[in-house]
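Right, one structure below, let's go through it.
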Number of protein chains: 2
Amino acid sequence: MAQASGVHVSTVSRTFSAPHLVNPETRTRVLAAAEDLGYRPNRAARALTTGRTHNLGLIVADIANPFFSHLIKGAQAHARTRDYHVFVADTDEDPSVEEELIQTLAKQVDGVLLCSPRLSNRVIEKLHEDVPFVVVNRRMKGMSNVLMDVGSGAREAIAHLVSLGHRRIALLAGPAGSWTSKEITEAARSVPGIDLTVLGPNSPTEHGGLALARPVASSGVTGVLAYNDLMAIGLVEGLTSLGVDVPGHVSVVGIDDIVAGRVSRPKLTTVAMPAEAAGRTAVDLLLQLVGAPVTPALATLATNLIIRDSTGPVRDALRGDP
Amino acid sequence: MAQASGVHVSTVSRTFSAPHLVNPETRTRVLAAAEDLGYRPNRAARALTTGRTHNLGLIVADIANPFFSHLIKGAQAHARTRDYHVFVADTDEDPSVEEELIQTLAKQVDGVLLCSPRLSNRVIEKLHEDVPFVVVNRRMKGMSNVLMDVGSGAREAIAHLVSLGHRRIALLAGPAGSWTSKEITEAARSVPGIDLTVLGPNSPTEHGGLALARPVASSGVTGVLAYNDLMAIGLVEGLTSLGVDVPGHVSVVGIDDIVAGRVSRPKLTTVAMPAEAAGRTAVDLLLQLVGAPVTPALATLATNLIIRDSTGPVRDALRGDP
DNA sequence: GGTGTCACTGCAACCGGTTGCACGAAACAT
DNA sequence: ATGTTTCGTGCAACCGGTTGCAGTGACACC
């Protein structure tokens with residue numbers, strides 16, 4: 001490449017990384033040769049001296065969860081506009097895989113987006129020494145966070161159930177180690193005047209929800225708030241097949257607002273989470289951390305309740321039923 | 001690191017990349033020091049000399065499409081067992097973004113999994129000179145391919161419609177440039193004795209399907225095969241809101257078997273595609289290509305029809321309706 | 001004409017490993 | 001005792017860029 005354009009390698013290097021330092025004529029010549037040979041600076045080699053790989057790591061519990069795929073999409077699209085690539089990795093909800101992945105990624109990326117981690121705070125803090133982090137969906141002191149205001153969302157959802165006359169309410173918790181799950185639980189507990197049953201922890205999948213149909217049906221609750229839409233959908237499926245009508249006998253609210261919730265019947269009432277925006281915001285915070293270690297920032301994104309058909313007024317026959 | 005264990009860097013290097021060449025005692029000492037310092041060989045630096053980055057690129061049109069997210073999950077999990085990482089990139093259905101991404105990835109990865117490309121064969125062939133490929137969902141001579149037997153799937157789906165009495169059938173094509181879409185179209189055209197209307201190309205999303213509700217309703221067809229489940233679901237939504245009953249007036253079949261199809265009402269009849277298996281197979285073929293340029297392989301995965309509630313017998317009143 | 005400035009480019013060290021080669025010591029053969 | 005392997009390790013070049021420093025030539029100014 002250098003010889004193809006008749007200049008020293010360092011001039012080629014500068015043509016790409018500091019164009020203003022090279023004579024316009026030379027630059028044109030180098031660029032022409034590059035175009036000709038299909039040459040592109042090798043990012044890995046560049047990373048060796050600059051210490052910047054121009055790659056970001058993104059770790060999620062489950063790529064197939066639509067919430068995460070939208071987050072990824074947002075992060076990826078945004079990163080691309082900043083000339084960054086995103087390494088996506090899926091932990092399969094396994095904390096030890098999560099730890100392993102962070103360690104492996106640490107040296108290959110400039111920063112990591114850790115989404116809905118299942119690891120303990122202690123481990124995350126230790127790993128944080130190796131690489132800049134932005135943690136999504138978990139409050140961590142001393143690091144940049146992107147949070148959804150899921151507490152308000154949960155309270156809003158429960159207020160909605162209460163306004164429909166529901167008093168006996170079940171909360172379907174998410175996986176152990178999930179900050180969001182804890183947050184939702186606390187929010188639900190803080191609502192006065194209801195009789196709350198917390199079920200879980202559970203696998204945050206359709207299957208996890210399905211498995212809860214029987215316990216929910218036999219618990220006598222009339223309203224349910226699920227950790228996420230996938231679980232809510234599974235629960236509705238299970239309840240229906242048990243002959244329990246939704247929302248006739250039981251009202252169900254999910255969280256996330258995934259497509260499946262809009263097309264399932266009854267259409268799912270849910271707390272919408274701004275997944276794409278979260279992805280974009282997280283990339284912003286991370287890049288600003290990568291540039292120069294500034295004070296960690298905290299971004300909180302609003303959620304909002306979308307009322308559809310899976311919630312309805314409590315039936316008189318059931319009101320006060322033990 | 002080298003001085004921490006009192007040996008030369010080359011010995012450290014060999015401890016990790018060719019352990020049998022170093023004295024067991026020395027090895028133990030080096031490993032202990034590594035453990036102590038949290039040292040891990042830098043993959044980027046290693047890639048510089050070995051030419052192996054131990055990274056794979058994976059390019060899809062839309063991460064948020066559940067079909068792709070399962071494929072990614074399969075690929076990723078499988079790659080990890082081979083000590084490979086996967087770089088996932090989303091083209092947003094844009095061919096020029098796709099080309100750009102392949103070029104950028106080319107030097108950073110050992111091979112690329114190109115899924116459901118929208119680029120022309122010619123461009124793909126050109127890009128193939130730069131980096132090993134496995135193309136998923138497109139037959140490309142001279143490269144390794146992973147295909148789904150979507151032609152059989154489409155024929156099976158149409159046979160199912162025919163067996164229910166449908167003769168006037170619409171095919172909702174996918175995006176321009178999609179091999180799968182072309183394959184389905186050809187398969188449908190090859191079925192004798194039906195009156196086929198092909199609509200498209202269309203955006204392969206829920207929205208794309210929704211937009212086709214009116215044309216479908218006014219076309220007088222009684223059976224529909226959609227390019228994918230997302231479109232089928234959108235179509236059902238649109239038809240329902242137009243007062244057209246599914247499967248009463250129109251039967252609808254999707255392709256992919258995504259979760260949303262199982263929970264939407266009516267439950268979607270669909271051609272299941274083995275997405276995770278495709279991801280795993282593609283990684284296998286790619287790694288075998290990376291090792292030594294062998295003859296390209298072709299893997300064809302079976303599809304199968306899953307009959308649910310969105311298809312039913314043609315109604316007498318409509319039979320032969322113009 | 002001498003000298004200082006400036007823009008541009010080459011030189012060479014370096015990033016963190018890998019690897020062919022050489023060398024010394026121990027083990028083995030004669 | 002001497003010659004030959006074998007084993008383990010160090011040396012140094014190299015991968016493909018980046019970057020501080022120095023050198024060159026053109027030009028302006030005195």
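Residue numbers begin at 1 in each chain, while the letters A, B, ... track the order of the sequences. The structure displayed is predicted, hence computed values, not measured ones.
Between B:Lys73 and A:Asp62 there is a salt bridge, since a side-chain N of the basic residue sits under 4.0 Å from a carboxylate O of the acidic one.
Comparing the local axis fitted to the first five base pairs of the helix from C:dG1-D:dC30 to C:dT30-D:dA1 with the one fitted to its last five gives a bend of 50°, rounded to 10°.
B:Arg14 contributes a side-chain N or O that forms a donor-acceptor pair with the base of D:dG10 under 3.5 Å.
A perpendicular orientation is assigned to the rings of B:Phe87 and A:His85, their planes being inclined by more than 60° (bins at 30° and 60°).
Proximity of A:Thr11 to the phosphate of C:dG10: a side-chain N or O atom is located under 4.0 Å from OP1 or OP2. Within the structure, a side-chain polar atom (N or O) of A:Ser17 is placed less than 4.0 Å from OP1 or OP2 of D:dT18.
Comparing C:dC15, D:dG8, C:dC11 by their closest approach to the side chain of A:Leu48 singles out C:dC15. Side-chain proximity of A:Arg46 to C:dT18, D:dG10, D:dG17: nearest is D:dG17.
Exactly one of B:Leu71, B:Val283, B:Leu105 qualifies for a side-chain contact (heavy atoms from CB on, under 4.5 Å) with B:Leu58. That residue is B:Leu71.
Residue order along DNA chain C, read from the 5' end via each residue's closest nucleotide, puts A:Thr49 first among B:Ser10 and A:Thr49.
Here A:Arg40 lies in heavy-atom contact (under 4.0 Å) with sugar-phosphate atoms only. Using a 4.0 Å heavy-atom cutoff across all strands shown, A:Arg52 reaches no nucleic acid atom at all.
For NZ of B:Lys182, the number of neighbouring non-hydrogen atoms (other residues, nucleotides, ligands) closer than 6.0 Å is 12 at most.
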